[in-house]
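Here the structure is a predicted model, which is why all the values come from computation and not from measurement. For ligands, and for the atoms within them, numbers begin at 1 and follow the listed sequence.
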Amino acid sequence: MKKILIFIGPPGSGKGTQAKLLAQKYGFKHISTGDLLRALSVDAKASAEQKTALEEMKAGKLVPDWLIYELAFEAVKENLASGKGVVLDGAIRNVEQAQKYQDFFEQNGWNDEVAVIEVALSDEEAFNRLTKRRICKNCGEIIPYLSATKDLVDCPKCGGKLIYRQDDKKEIIEARIREQGNEALKPIVDFYEKLGILKVLDGNQTIEKVNAEIFALFE
Ligand SMILES: [Zn+2]
């Protein structure tokens with residue numbers, strides 16, 4: 001079993017859910033850059049530079065790459081040093097970042113520990129899933145747009161009313177897909193393919209089916 005698993009895929013592909021399930025099953029640490037930034041913002045030991053970057057981020061600036069590297073690399077080191085594997089989710093947005101991570105792994109002698117899992121989904125299907133998913137007005141359960149759930153009228157958990165989410169507005173989702181969809185992913189996918197460490201799964205299937213295929217990869 002490899003110790004460093006990297007998930008990539010377009011928004012709506014379910015890669016975050018799969019990353020968490022895999023981490024749970026193997027007792028790996030699930031590392032999401034969003035979580036790392038949230039943790040840093042309440043960390044008393046944050047450096048002055050880190051605090052400045054967080055302030056600027058709150059004011060709408062992009063998170064600087066060095067901060068992401070600093071946090072993610074530290075988290076990877078800490079876990080691998082104690083013998084624990086890691087699952088990286090949403091960490092890599094372009095080839096430059098992919099290369100940086102790869103350099104870091106090589107410097108630490110972890111070249112053979114890396115596997116990349118792409119949860120593949122067309123932009124069209126990603127758009128459908130994100131604009132057509134619903135949330136329960138009562139309990140907050142998210143109902144994905146899948147063949148098994150698309151015709152539901154009431155919440156399967158509490159019977160509450162299902163509504164569309166404000167965040168899921170068309171224009172916002174179109175912008176997200178432009179930035180993080182298949183066109184942006186293509187160079188990253190090519191990068192990992194050349195390294196021979198990429199596994200591709202069909203994200204059009206149900207969460208359970210994709211999950212079973214991921215587990216089968218490592219059995
Ligand atoms: Zn509900």
Side-chain angles (χ1 to χ4, degrees), residues 5-43 57-58 60 63 75 85-93 117-182 184-185 200-218:
L5 310 175
I6 299 172
F7 274 83
I8 58 172
S13 62
K15 63 176 187 304
T17 307
Q18 298 298 345
K20 275 181 204 149
L21 289 168
L22 190 66
Q24 252 169 34
K25 169 150 173 151
Y26 292 105
F28 279 27
K29 175 77 180 167
H30 174 250
I31 298 177
S32 109
T33 47
D35 289 347
L36 289 174
L37 287 167
R38 274 186 288 278
L40 180 68
S41 67
V42 294
D43 186 352
M57 192 181 90
K58 271 185 219 147
V63 187
V86 294
V87 180
L88 288 163
D89 169 18
I92 289 150
R93 297 275 165 97
I117 300 147
E118 180 193 5
V119 185
L121 195 70
S122 70
D123 286 346
E124 193 190 355
E125 189 53 31
F127 181 80
N128 277 340
R129 283 205 189 167
L130 294 174
T131 49
K132 292 178 183 167
R133 71 177 170 189
R134 292 168 299 166
I135 185 165
C136 171
K137 211 177 165 181
N138 186 38
C139 75
E141 175 82 357
I142 291 172
I143 311 297
Y145 182 77
L146 298 169
S147 53
T149 51
K150 69 183 171 64
D151 296 324
L152 285 175
V153 178
D154 303 318
C155 172
K157 273 203 173 156
C158 75
K161 197 174 172 231
L162 299 180
I163 54 167
Y164 292 98
R165 306 203 311 182
Q166 274 298 88
D167 293 2
D168 294 347
K169 281 219 172 93
K170 262 191 178 177
E171 306 77 58
I172 297 172
I173 289 174
E174 274 167 358
R176 262 183 83 194
I177 291 176
R178 261 199 312 278
E179 284 158 20
Q180 302 166 34
N182 284 288
L185 274 172
V200 185
L201 294 165
D202 179 5
N204 277 301
Q205 313 169 88
T206 61
I207 290 173
E208 291 76 20
K209 189 86 200 301
V210 177
N211 194 235
E213 286 191 3
I214 290 177
F215 287 172
L217 283 179
F218 298 104

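Using a 4.5 Å heavy-atom cutoff, the side chains of V210 and I214 are in contact.
The minimum heavy-atom distance linking R176 with P11 is given by the pair NH2-CB, 3.4 Å.
The Zn ion (ligand 1) has C136 SG, C139 SG, C155 SG, C158 SG as its protein N, O or S neighbours under 2.8 Å.
Within the structure, the salt bridge (charged side-chain N to carboxylate O under 4.0 Å, His left out) test picks out the following pairs touching residues 145-162 (sequence neighbours left out): E141-K157.
Partners of D43 by side chain to side chain donor-acceptor pair (under 3.5 Å), not counting sequence neighbours: none found.
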Using atom types as modelled, flag every donor-acceptor pair under 3.5 Å from a side chain in residues 17-27 to any protein atom, sequence neighbours excluded.
{"from": "Q18", "atom 1": "OE1", "to": "N211", "atom 2": "ND2", "distance (Å)": "3.0"}
{"from": "Q18", "atom 1": "NE2", "to": "I207", "atom 2": "O", "distance (Å)": "3.1"}
{"from": "Y26", "atom 1": "OH", "to": "E219", "atom 2": "OE2", "distance (Å)": "3.0"}

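Between the side chain of N182 and the backbone N or O of L121, at least one donor-acceptor pair lies under 3.5 Å.
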